[in-house]
Number of protein chains: 2
Amino acid sequence: MPEQKAQEMLYQARDFAEKAGVTVRALHHYDHLGLLKPTRRTEAGYRLYAEQDFARLQQIVTLKFLGMSLKQIKLLLQQGHFDVLLQLQIQRQAMEEKRRHLDRAIQAIHGAERALASGEKPNSEIYKTIIEVIEMQTNTEWLKKYYTEDQLADLAKRNTPEIMEKAQNDWAVLIQDVEANLQEDPASPTAQSLAARWAKLVEGFTMGSPELAANLSSLYKDEANWPTTFKKLYSDEVEAFIKQAMAIRKQAG
Amino acid sequence: MPEQKAQEMLYQARDFAEKAGVTVRALHHYDHLGLLKPTRRTEAGYRLYAEQDFARLQQIVTLKFLGMSLKQIKLLLQQGHFDVLLQLQIQRQAMEEKRRHLDRAIQAIHGAERALASGEKPNSEIYKTIIEVIEMQTNTEWLKKYYTEDQLADLAKRNTPEIMEKAQNDWAVLIQDVEANLQEDPASPTAQSLAARWAKLVEGFTMGSPELAANLSSLYKDEANWPTTFKKLYSDEVEAFIKQAMAIRKQAG
DNA sequence: CTAAAGTCTGACGTAACGTCAGACGCAAGG
DNA sequence: CCTTGCGTCTGACGTTACGTCAGACTTTAG
């Protein structure tokens with residue numbers, strides 16, 4: 001229950017905490033760190049927070065959402081905002097690196113799930129399979145069988161690591177979506193929309209170059225020689241479904 | 001230096017650690033936790049690791065890469081692999097959530113950077129601006145001015161949160177790339193490739209629907225009424241450049 | 001034999017609170 | 001006036017995965 005004190009609106013710990021979506025214990029903690037001291041205390045020592053405290057708490061919560069440590073936050077808030085932006089940019093770069101790590105881990109699990117689900121690997125080799133997937137992510141030697149050095153260099157220049165990893169994820173999401181819609185008619189709008197996304201991803205990789213498209217095609221035909229973990233990026237059902245949908249798309253298109 | 005002991009190859013702490021890319025201290029720690037005990041000890045108490053220990057250490061490192069805690073790893077390794085896959089899937093979901101959080105934070109910083117760089121907001125309002133960006137991510141009320149409920153519902157159904165966030169990021173990356181190539185001739189291959197990516201993203205949003213494309217266009221024309229943080233997703237220079245490149249693209253294509 | 005390196009076992013420090021525990025404050029009912 | 005019940009306060013320990021000493025050995029090269 002908020003307290004009316006003359007002109008000022010004061011909040012007790014619990015109300016104040018709820019208003020900002022944090023716990024009372026967190027308030028204690030911030031107080032302890034000198035990060036946010038309540039405006040006033042009652043004689044008995046109860047913390048009383050005012051509106052201005054709320055603004056500060058907002059900033060703290062926000063910066064925490066952005067991944068900053070309380071120590072950094074304290075520094076930023078006490079030394080004013082003359083380099084907050086720079087700090088944020090540094091912070092962003094750190095987070096982008098974390099995201100790359102997460103992406104690789106997620107992809108690795110996805111890859112292992114597929115390899116094990118396809119039954120080509122026994123469940124007992126789960127660890128080996130995961131390690132293979134992880135190594136495949138950083139080792140692209142095998143691609144040289146299908147592309148010239150020039151083409152790979154060109155791809156590498158155009159596709160930064162971030163874009164590559166995002167593309168991998170795009171594929172994973174799309175394949176999931178397709179799998180969830182295998183019962184659809186390949187001519188249906190849903191299927192056609194999936195086909196459109198598929199075409200878009202392929203084009204995103206070849207970037208309109210017919211040579212690349214040709215090599216990509218030869219790569220896919222040579223399934224027998226792929227590294228084990230690349231096998232079964234998608235199931236035969238998915239392949240068949242997309243093939244049909246694409247045929248209809250071309251006809252319509 | 002590895003020790004030759006009859007038929008067995010034994011490694012001392014440091015060599016073993018380096019072989020696996022961890023620190024000696026980490027080995028102590030794992031030993032302490034009972035996660036990885038060395039095969040043997042010398043009389044003086046020096047740890048000696050064998051090949052079989054290496055396999056186990058590999059698994060530990062791998063699962064750690066996948067974001068598991070040592071406690072979880074210990075459980076998994078001791079109870080055999082009969083539900084490792086399930087654990088991995090659970091783990092993946094947790095990581096995907098972390099990824100979403102990271103994405104939102106990164107986008108928020110990006111958004112604030114743009115808003116501040118464009119000079120429409122004074123640097124002193126940096127916190128307010130960030131909060132606005134974060135709120136805009138979860139509040140799409142303003143879009144209703146341009147799309148019908150039906151269209152928004154349709155978009156929401158087709159574009160899961162993950163896809164939306166990824167798309168936002170796609171745009172950010174592309175815009176960065178364009179900015180880095182403003183000095184190019186809009187007819188150059190580089191520029192045309194950027195234009196292709198641009199068109200692809202637009203199509204990814206409208207999914208081929210002419211109504212959506214029309215609404216998107218009207219949204220962009222009504223720049224004056226966008227929420228502040230949506231302003232200047234890209235600079236006027238970028239807009240002009242892409243306009244030219246797209247014109248040439250249409251002509252050529 | 002000595003100095004330089006490597007190893008061992010504690011033990012404290014880190015980040016951001018969660019979770020008691022023990023003591024006190026405050027308003028309402030008996 | 002006293003008792004409940006609920007809220008708050010101040011420690012203080014627990015958590016995670018080691019990093020970083022510190023003090024005492026062991027091993028090895030010269």
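Quick note on labels: first sequence line is chain A, next is B, and so on, each numbered from 1.
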Whole angstrom is fine here: how far is it from [atom1] in [X] over to [atom2] in [N]?
X	N	atom1	atom2	answer
Q72(A)	dA16(C)	CD	C1'	14 Å
I73(B)	dT16(D)	CD1	P	12 Å
F65(A)	dA16(C)	CZ	P	17 Å
D15(B)	dA5(C)	CG	C1'	13 Å
M68(B)	dC18(D)	CE	P	15 Å
E18(B)	dA5(C)	CD	P	15 Å
K74(A)	dA16(C)	NZ	P	12 Å
L33(B)	dC18(D)	CG	P	9 Å

Only counting residues at least two apart or in another chain, list the ones meeting side-chain contact (heavy atoms from CB on, under 4.5 Å) with [X].
X	value
K19(A)	Y11(A), E51(A), F54(A)
I73(A)	L35(A), I60(A), L63(A), K64(A), M68(A), L70(A), L77(A)
A108(B)	L66(A), V133(B), I134(B), Q137(B)
Q176(B)	H110(B)

Side chain to side chain donor-acceptor pair (under 3.5 Å) against [X], all qualifying residues, sequence neighbours excluded:
X	value
R25(B)	none
E96(B)	R92(B)
E125(B)	none

## Note on the structure
Between A44(B) and K64(B), whichever has its closest DNA chain D nucleotide further toward 5' is K64(B)

### Query
Are Y30(B) and dC18(D) close enough that a side-chain N or O sits under 4.0 Å from OP1 or OP2?
yes

### Query
For T23(A) and dG18(C), is the shortest distance between a side-chain N/O and OP1 or OP2 below 4.0 Å?
yes

### Residue pairs, two or more places apart or on separate chains, that pass ring-ring contact (aromatic ring centres under 6.0 Å, His included) and touch residues 57-79 of chain A
F65(A)-H101(B)

### Query
Can you list every pair that meets ring-ring contact (aromatic ring centres under 6.0 Å, His included) and has a residue in residues 13-51 of chain B, with sequence neighbours left out?
F16(B)-Y49(B)

### Query
Does Q58(A) reach the side chain of I131(B), with side-chain heavy atoms less than 4.5 Å apart?
yes

### Task
For the residue pair R14(B) and E18(B), establish whether any side-chain heavy-atom pair is separated by less than 4.5 Å.
yes

Output a table of nitrogen or oxygen pairs between the protein and nucleotides 10-12 of chain D separated by less than 3.5 Å.
unit_1	atom_1	unit_2	atom_2	d
dT10(D)	OP1	R41(A)	NH1	3.1
dT10(D)	OP1	R41(A)	NH2	3.3
dT10(D)	OP2	R47(A)	NH2	2.2
dA12(D)	N6	R25(A)	NH2	3.2

Between protein and nucleic acid, restricted to nucleotides 13-15 of chain C and to nitrogen or oxygen atoms under 3.5 Å apart, what atom pairs and distances do you find?
unit_1	atom_1	unit_2	atom_2	d
dA15(C)	OP1	K71(A)	NZ	3.0

### Query
If you fit an axis to the five pairs at each end of the helix from dC1(C)-dG30(D) to dG30(C)-dC1(D), how big is the angle between those two axes, to 10 degrees?
30°

### Summary
Considering only heavy side-chain atoms of H29(B), the closest of dA17(D), dC17(C), dT8(D) is dA17(D)

### Message
Pairing donors with acceptors under 3.5 angstrom, does anything connect the side chains of S69(A) and Q72(A)?
### Response
yes

